[in-house]
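The block underneath contains the structure these notes are about, expressed in structure tokens.
Numbered from 1 within each chain, the chains take letters A, B, ... in sequence-line order.
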Protein chains: 2
Amino acid sequence: MASIREVAAEAKVSPGTVSKVLNERGNASISRATQARVREAAERIGYHPSSIARGLAGMRMNAIGVVMAYDEESLTSDPYLGPCLDGLLSIYKQERQKVTLFLEQNWDAALQNIPFYGDGHCDGLALIIPRTTHPIVDTLRSQRPHLPFVLVGDSREGEGLTCIDLDNVSAGRMATEHLISLGHRRIAAFQGNADFCSNDQRFKGYRDALASAGLPYDPEIVYPGVYFAESGVENVRRMQKQFTGDNRSGRPSAIFCFSDSIAFGALEALRKYDIHMPTEISVIGIDDLTTTAQQRGLTTIRQSVRSIGQRAAIALLGLARGEITPGFRDLQLPELVLRSSTVALQQ
Amino acid sequence: MASIREVAAEAKVSPGTVSKVLNERGNASISRATQARVREAAERIGYHPSSIARGLAGMRMNAIGVVMAYDEESLTSDPYLGPCLDGLLSIYKQERQKVTLFLEQNWDAALQNIPFYGDGHCDGLALIIPRTTHPIVDTLRSQRPHLPFVLVGDSREGEGLTCIDLDNVSAGRMATEHLISLGHRRIAAFQGNADFCSNDQRFKGYRDALASAGLPYDPEIVYPGVYFAESGVENVRRMQKQFTGDNRSGRPSAIFCFSDSIAFGALEALRKYDIHMPTEISVIGIDDLTTTAQQRGLTTIRQSVRSIGQRAAIALLGLARGEITPGFRDLQLPELVLRSSTVALQQ
DNA sequence: CTGAAAGCGCTTACAG
DNA sequence: CTGAAAGCGCTTACAG
């Protein structure tokens with residue numbers, strides 16, 4: 001790699017002048033002739049500036065970092081991380097930004113590694129689904145000097161937090177309202193991980209919808225869990241045990257699963273217990289994991305994770321360039337996808 | 001971020017001394033007392049060195065670049081790129097290296113961007129399946145100063161090229177020998193993209209196997225194509241047209257598809273033409289795209305792309321650290337996976 | 001309109 | 001055993 005000094009020598013100017021010309025800094029104050037000479041010399045030598053030298057001199061690196069915590073062996077096949085990363089990458093590719101991946105085993109490891117994120121490599125950070133229970137976001141926020149960052153798949157409230165996510169409250173409300181509109185009055189909630197921001201928000205949407213419809217909220221039919229199929233299986237079993245014999249009549253006529261995965265587990269378990277879906281019980285999910293959801297006829301609330309990734313990339317770019325201010329929120333509107341797993345309450 | 005100067009001030013030594021202690025350079029020549037004082041000061045201040053400053057001073061960046069060209073909209077779902085990236089990432093994660101993704105639309109764009117790869121960000125590069133027809137590898141090789149790089153999914157011959165790949169010649173030979181062992185004597189070859197190194201190699205394996213068995217090589221039943229299902233469909237059609245009427249008897253009794261995707265296309269087309277598989281024609285692929293190959297009962301030659309990614313990561317790390325020398329080759333042994341799409345030649 | 005100088009935060013011979 | 005100095009390749013006030 002030729003250095004700026006060689007260009008300077010070649011063009012018979014000082015390195016400072018080369019820098020100004022190539023960065024279009026002193027634009028007006030440099031003679032056309034010199035500019036031409038510099039550009040031509042740079043071209044001839046095949047000069048390309050050292051990004052780390054520019055970075056050290058205080059310029060932008062044109063690189064952003066993506067922080068993900070996952071303990072699974074596969075990143076690319078994760079139903080959230082995969083599409084989300086695809087979305088981010090599609091934008092950075094197009095904007096010709098470098099992307100540095102910070103792959104962490106978990107958020108504790110990420111917390112330990114914050115110094116590496118801020119060591120000069122990157123202009124900003126995208127955190128994919130940090131957990132609300134985890135201090136990483138607060139630590140990052142109080143970091144000096146401040147490294148711009150956006151939260152992806154997380155839309156907690158918080159001073160100066162930039163968030164890109166599904167509008168989870170609306171999604172929870174929409175799912176619940178759909179069931180209510182079909183005449184259901186006892187609607188179970190199969191929750192996801194308690195440490196995900198989305199879980200609280202979807203739950204809030206659920207309660208809001210019940211309240212608006214004047215329906216009672218019954219904590220007995222709210223089932224904590226995780227965002228995986230096993231949790232759907234487990235909670236159907238729990239519900240089945242709970243509403244047996246005399247209690248049989250109290251059994252919910254619909255289940256709002258906080259994710260499609262949970263719903264798939266629930267469908268499987270319902271089949272095992274010979275509870276007919278949808279005549280005996282309706283099921284709705286959130287996500288629209290398209291292929292599978294379509295195959296199984298799951299009514300669900302769609303979110304486009306890929307597009308969330310894209311919007312996050314755009315927001316982070318804006319943040320790093322100072323074009324948008326921290327605190328910007330971009331929540332994707334949910335969309336109801338009607339299939340066959342939800343039907344009107346059978347009298 | 002505190003700088004090395006603050007640590008120096010805190011420990012009442014010079015910055016140079018701090019550097020030596022923290023990098024364990026002058027280890028022996030620095031008093032235990034000073035070492036302790038420096039470490040303690042660094043700890044107290046929460047010092048973390050600037051990676052770009054170290055890079056500029058000639059140290060390793062602990063970051064490697066991954067170059068991929070893809071025009072599809074999704075990287076993570078690509079059947080080769082996805083698992084390969086997963087494999088690479090799993091190693092870098094464990095080795096605590098940063099990974100910078102260079103996402104290119106195509107290899108021409110990659111060629112243009114070589115200066116960015118070598119601008120100080122990375123210690124080395126992994127190129128995922130560069131095309132043999134493309135000058136990027138030669139350009140990279142003649143670059144000064146030289147940036148270490150490995151070829152992933154490409155094992156062309158070439159002075160000083162470090163390659164990690166499936167042993168494609170063996171794979172081609174194994175597939176063909178399997179068919180020969182079943183009594184087949186007219187074996188069609190459905191090739192992949194001509195600009196992939198693997199295509200030539202698999203083809204070589206095919207011809208080698210025929211030669212070893214004393215079978216004639218017939219260019220009439222070698223079908224150029226691409227590594228996609230459509231190509232399998234298209235080539236069955238071509239073959240069908242070719243061996244109709246009087247020529248009917250010359251039709252191959254087996255097809256060696258250079259990828260599973262091609263094989264899936266071929267199976268589909270055979271069904272359409274009412275050619276019964278496997279009794280009328282046997283089909284073998286390469287890859288073992290497990291779920292689908294299993295569903296369709298495809299006999300195939302397995303390669304573990306994930307493990308190729310992992311080996312590539314390890315090789316690149318070794319190369320960047322100077323522990324292995326350019327020219328190192330690591331070829332994965334193929335493995336025959338028997339299913340129902342190949343049977344003994346029916347008399 | 002252009003250049004000399006200082007500085008970004010490190011490391012590494014070289015002196016002492 | 002430790003420090004002062006030069007250098008990595010840039011940019012940016014500041015002079016002139």
Minimum-distance nucleotide (side-chain atoms of [X] versus [options]):
X: A/S31; options: C/dG3, C/dC1, D/dC8; answer: C/dC1
X: B/M59; options: C/dT11, C/dC8, D/dT2; answer: C/dT11
X: A/S29; options: D/dT11, C/dT2, D/dG9; answer: C/dT2

[N] [atom2] sits how many Å from [X] [atom1], rounded?
X: A/K20; N: D/dT12; atom1: NZ; atom2: P; result: 10 Å
X: A/R60; N: D/dT11; atom1: CZ; atom2: P; result: 13 Å
X: B/I4; N: C/dC8; atom1: CD1; atom2: C1'; result: 14 Å
X: B/M61; N: C/dT11; atom1: CE; atom2: C1'; result: 15 Å
X: B/D119; N: D/dC8; atom1: CG; atom2: P; result: 18 Å
X: B/H48; N: C/dG9; atom1: NE2; atom2: P; result: 14 Å
X: A/E24; N: D/dT11; atom1: CD; atom2: C1'; result: 15 Å
X: A/N23; N: D/dA13; atom1: CG; atom2: P; result: 13 Å

Does [N] have OP1 or OP2 under 4.0 Å away from a side-chain N or O of [X]?
X: B/R54; N: D/dC8; result: no
X: B/R25; N: C/dA13; result: no
X: B/S19; N: C/dT11; result: yes
X: A/T34; N: C/dT2; result: yes
X: B/S50; N: C/dG9; result: no
X: B/T17; N: D/dG3; result: yes
X: A/S3; N: D/dG9; result: no

(message) Judged by each residue's nearest nucleotide on DNA chain D, which is more toward the 5′ side, B/K12 or B/L56?
(response) B/K12
(request) Hey, which sits more toward the 5' end of DNA chain D by its nearest nucleotide, B/R37 or B/A53? (result) B/R37
(request) Select base, sugar-phosphate, or nothing to describe what A/G16 touches, counting heavy atoms under 4.0 Å on all strands. (result) base
What closest approach, in Å, do [X] and [Y] show between heavy atoms, and which atom pair accounts for it?
X: A/L103; Y: B/K93; value: O-CG, 3.6 Å
X: A/C197; Y: A/T132; value: CB-CG2, 3.4 Å
X: B/N113; Y: A/R96; value: ND2-NH2, 2.9 Å

(request) With a 3.5 angstrom cut-off on both distances, give the Watson-Crick or G-U wobble partner of D/dA4, or none if there isn't one. (result) none
(message) Does the structure show a Watson-Crick or G-U wobble partner for D/dA13, both distances under 3.5 Å? Name it, or say none.
(response) none
(message) For B/T76 and A/D86, which I'm curious about, is there any donor-acceptor pair between the side chains at under 3.5 Å?
(response) yes
(request) Quick one: do B/Y117 and B/F102 satisfy ring pair (Phe, Tyr, Trp, His ring centres under 6.0 Å)? Show the steps, please. (result) CA-CA 8 Å; B/Y117 307 162; B/F102 296 106; 4.6 Å; yes
(message) Does atom CZ (A/R144) have a neighbourhood of more than 12 heavy atoms from anything else shown, all under 6.0 Å?
(response) yes
